[in-house]
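One structure below.
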Amino acid sequence: MTTHKPAFSREDKNNNVWLSYAESADWQPVDKGLSPTVLPSEMAIGEAMLNELMLTAEENSGEINIALLGGRGAQQLHRLLGELAAKTEHDALFARLNVFTQDALAPMAMQNGLSFVRDFERILGPAFFEKINSFTPMQTDSDDLEGSFIAYLQKLESLGGLDIFFIGHGPEANEASHLAYIKPFSGAQAHHLAGLIPISSSILEHHISKFKAGGSQVSEADEQECRHAQYILTLGPATILKAKKVVQSVVDAETAPAKVATYQKVLRTTISNDQAEAAEQLNANPGLWVRLHPNFKSFVLPNLGV
């Protein structure tokens, strides 16, 4: 039997390539508000994120599709999952998991020590990857990045979309912010499932220094290859909005103090009900996209000032 694969369209917005279905539904912005949950420690936030996964497992039968958050924000969650995977009591849960990555630097070898995949493997541990149902990273070493990205999106769609999108909050200039790597003024719209974003030298420097500080083993060859990356592959607004649940963690305001102001701006800003005005707000400050999701939780530390 032939499986139907949805047709995709490609839009170029300010040199950012956005992928979406050829026929995209109209949308109406409805601001759901934002009520962060302040927790005392990174471990407490990791436990809260794990609890959201456990709740989803209890509420639903069958497979569970999640997008992993990279970097500092989810490291405690990853450590907890790795500890559980080293035992057997939650093997039935792991066997239900279809795990997707949400962003990647490209072109770059999949074995590069500066890839998000290697960082996931380092913290989650081999038992986690042996026990889960599937792991689907973004292919960063393909001769056809867009074609490989579409295949990734088709697999996610065939599995029914994300049950949980674990997401962070990144600071940008002018007190704006990014989600995944949906950057300000990148032209991201509500129907865009994913994008290829031109990378900047500042992002590369931040990425390399963050991975080294986190304990990743990085060779000189890995670093040189990473510095030649041209794009960030990222999931887009439509994938966030289509997820059944979005769980955010913001834990590193101490090392990234700009997040205090940028998160406050997301907290204080109300998205317009007018479609054109809302599109302008979201383009200038993509961190606002979470305010449109009906099942969103934001776990933060006290140093975020909320």
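- Counting heavy-atom neighbours within 6.0 Å of K297 NZ, excluding the residue itself, gives a total of 12 or less.
- Residue pairs meeting the ring pair (Phe, Tyr, Trp, His ring centres under 6.0 Å) criterion with at least one partner in residues 223-277, sequence neighbours excluded, are H169-Y263.
- With a 4.5 Å cut-off on side-chain heavy atoms, L93 and L84 do not count as touching.
- Within the 4.5 Å cutoff, the side chain of T234 has heavy atoms near those of the I197 side chain.
- Contact record, E225 with A109: OE2-N, 3.1 Å, taken as the closest heavy-atom pair.
- Judged by distance alone, with hydrogens and angles left aside, the side-chain atoms of N285 form no donor-acceptor pair with the main-chain N or O of Q281 at under 3.5 Å.
- No continuous path of hydrophobic side-chain contacts links F299 to L55 [ILVMFWY only; heavy atoms under 4.5 Å].
- The two residues G305 and Q264 have their closest heavy-atom pair at O-NE2, 2.8 Å.
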Verdict with reasoning, D141 to N112, per side chain to side chain contact (heavy atoms under 4.5 Å, CB included): CA-CA 10 Å; D141 56 358; N112 191 297; over 6 Å; no
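- Here the side chain of N174 pairs no donor or acceptor atom with the backbone of A176 at under 3.5 angstrom.
- A salt bridge links R227 and E223; the closest N-O separation between the charged side-chain nitrogens and carboxylate oxygens is under 4.0 Å.
- Counting heavy atoms from C-beta outward, K183 and S200 have side chains that stay 4.5 Å or more apart.
- Side chains of F149 and D144 form no contact here, defined as non-hydrogen atoms less than 4.5 Å apart.
- Atoms OG1 and CG, from T140 and L145 in turn, are 8.0 Å apart once rounded to the nearest 0.5 Å.
- In E254, the CD atom is not crowded: 12 or fewer heavy atoms of neighbouring residues, nucleotides or ligands sit closer than 6.0 Å.
- Within the 3.5 Å criterion, the main-chain N or O of A258 finds a donor-acceptor partner in the side chain of T262.
- In this structure, D12 places its CG atom where more than 12 heavy-atom neighbours from other residues, nucleotides or ligands lie under 6.0 Å away.
- Relative orientation of the F135 and F129 rings is perpendicular, given thresholds of 30° and 60° on the angle between their planes.
- The two residues S177 and V266 come nearest to each other via the heavy atoms OG-CG2, 3.5 Å.
- Using modelled atom types, one side-chain atom of N65 and one backbone atom of L159 make a donor-acceptor pair closer than 3.5 Å.
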Worked check of side chain to side chain contact (heavy atoms under 4.5 Å, CB included) between M108 and D222: CA-CA 9 Å; M108 194 164 73; D222 287 342; over 6 Å; no
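- Remark: N16 CG to L196 CG distance equals 9.0 Å, nearest 0.5 Å.
- Remark: the Y21 side chain and the E157 side chain contain an N/O donor-acceptor pair separated by less than 3.5 Å.
- The aromatic rings of Y181 and F116 lie tilted to each other, with the angle between the two planes from 30° to 60°.
- The distance from atom CG of L153 to atom CG of L235, rounded to the nearest 0.5 Å, is 7.0 Å.
- The side-chain contact (heavy atoms from CB on, under 4.5 Å) test with Q102 is passed by exactly one of T239, I240, I167: I167.
- Each of V99, L77, I132, L68 was checked for a side-chain contact (heavy atoms from CB on, under 4.5 Å) with L124, and the lone residue meeting it is L68.
- Between T136 and N98, the side chains place no donor N or O within less than 3.5 Å of an acceptor N or O (distance only, hydrogens not considered).
- In D143, the CG atom is not crowded: 12 or fewer heavy atoms of neighbouring residues, nucleotides or ligands sit closer than 6.0 Å.
- Contact of the K242 side chain with the L193 side chain is registered, since non-hydrogen atoms from C-beta on lie closer than 4.5 Å.
- Each of Y152, F165, F166 was checked for a ring-ring contact (aromatic ring centres under 6.0 Å, His included) with F100, and the lone residue meeting it is Y152.
- A284 approaches P184 most closely through the heavy-atom pair O-CB, 3.4 Å.
- Of all heavy-atom pairs spanning L114 and C226, the tightest one is CD1-CB, 3.5 Å.
- The 12-atom threshold is exceeded at CD of Q28, counting heavy atoms of other residues, nucleotides or ligands nearer than 6.0 Å.
- Judged by distance alone, the side chains of D252 and T255 never bring a donor and an acceptor atom under 3.5 Å apart.
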From CA spacing to verdict: side chain to side chain contact (heavy atoms under 4.5 Å, CB included), W18, Q189: CA-CA 9 Å; W18 291 101; Q189 298 178 22; over 6 Å; no
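- In this structure, CG in L53 is found 6.0 Å from CG in L97, a value given to the nearest 0.5 Å.
- Of the possible donor and acceptor atoms, one in the side chain of N14 sits under 3.5 Å from a partner among the backbone N and O of F185.
- Atom CG of L241 and atom NE2 of H293 lie 6.5 Å apart (nearest 0.5 Å).
- V246 places none of its side-chain heavy atoms less than 4.5 Å from the side chain of N295.
- With contacts defined as side-chain heavy-atom distances shorter than 4.5 Å, the pair P302/P40 does not qualify.
- In the hydrophobic clustering of this structure, L179 does not group with V30; members are Ile, Leu, Val, Met, Phe, Trp, Tyr whose side-chain heavy atoms approach within less than 4.5 Å, directly or through other members.
- Here the side chain of S115 pairs no donor or acceptor atom with the backbone of Q111 at under 3.5 angstrom.
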From CA spacing to verdict: side chain to side chain contact (heavy atoms under 4.5 Å, CB included), K13, N283: CA-CA 11 Å; K13 302 282 188 180; N283 192 33; over 6 Å; no
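- Q139 and S148 are not linked by any side-chain donor-acceptor pair at a separation below 3.5 angstrom, with hydrogens and angles left out of the test.
- Put simply, the side chain of R291 gets close to the backbone of L267: a donor and an acceptor are under 3.5 Å apart.
- We find that D163 and K245 are not joined by a salt bridge, their nearest charged nitrogen and carboxylate oxygen being 4.0 Å or further apart.
- Residues E277 and S272 approach most closely at OE1-OG, 3.0 Å, considering heavy atoms.
- Each of M49, Q75, E47 was scored for a side-chain contact (heavy atoms from CB on, under 4.5 Å) with L80, with one residue passing: E47.
- Taking CD1 from I271 and CH2 from W289, the interatomic distance works out to 8.0 Å, rounded to the nearest 0.5 Å.
- Two residues are said to be in side-chain contact when any heavy atoms from C-beta on lie closer than 4.5 Å; L292 and L282 meet this criterion.
- Under the 3.5 Å distance criterion, with hydrogens and angles disregarded, a donor-acceptor pair is assigned to the side chains of E11 and H191.
- For R96 (side chain) and A57 (main-chain N/O), a donor-acceptor pair under 3.5 Å exists by modelled atom type.
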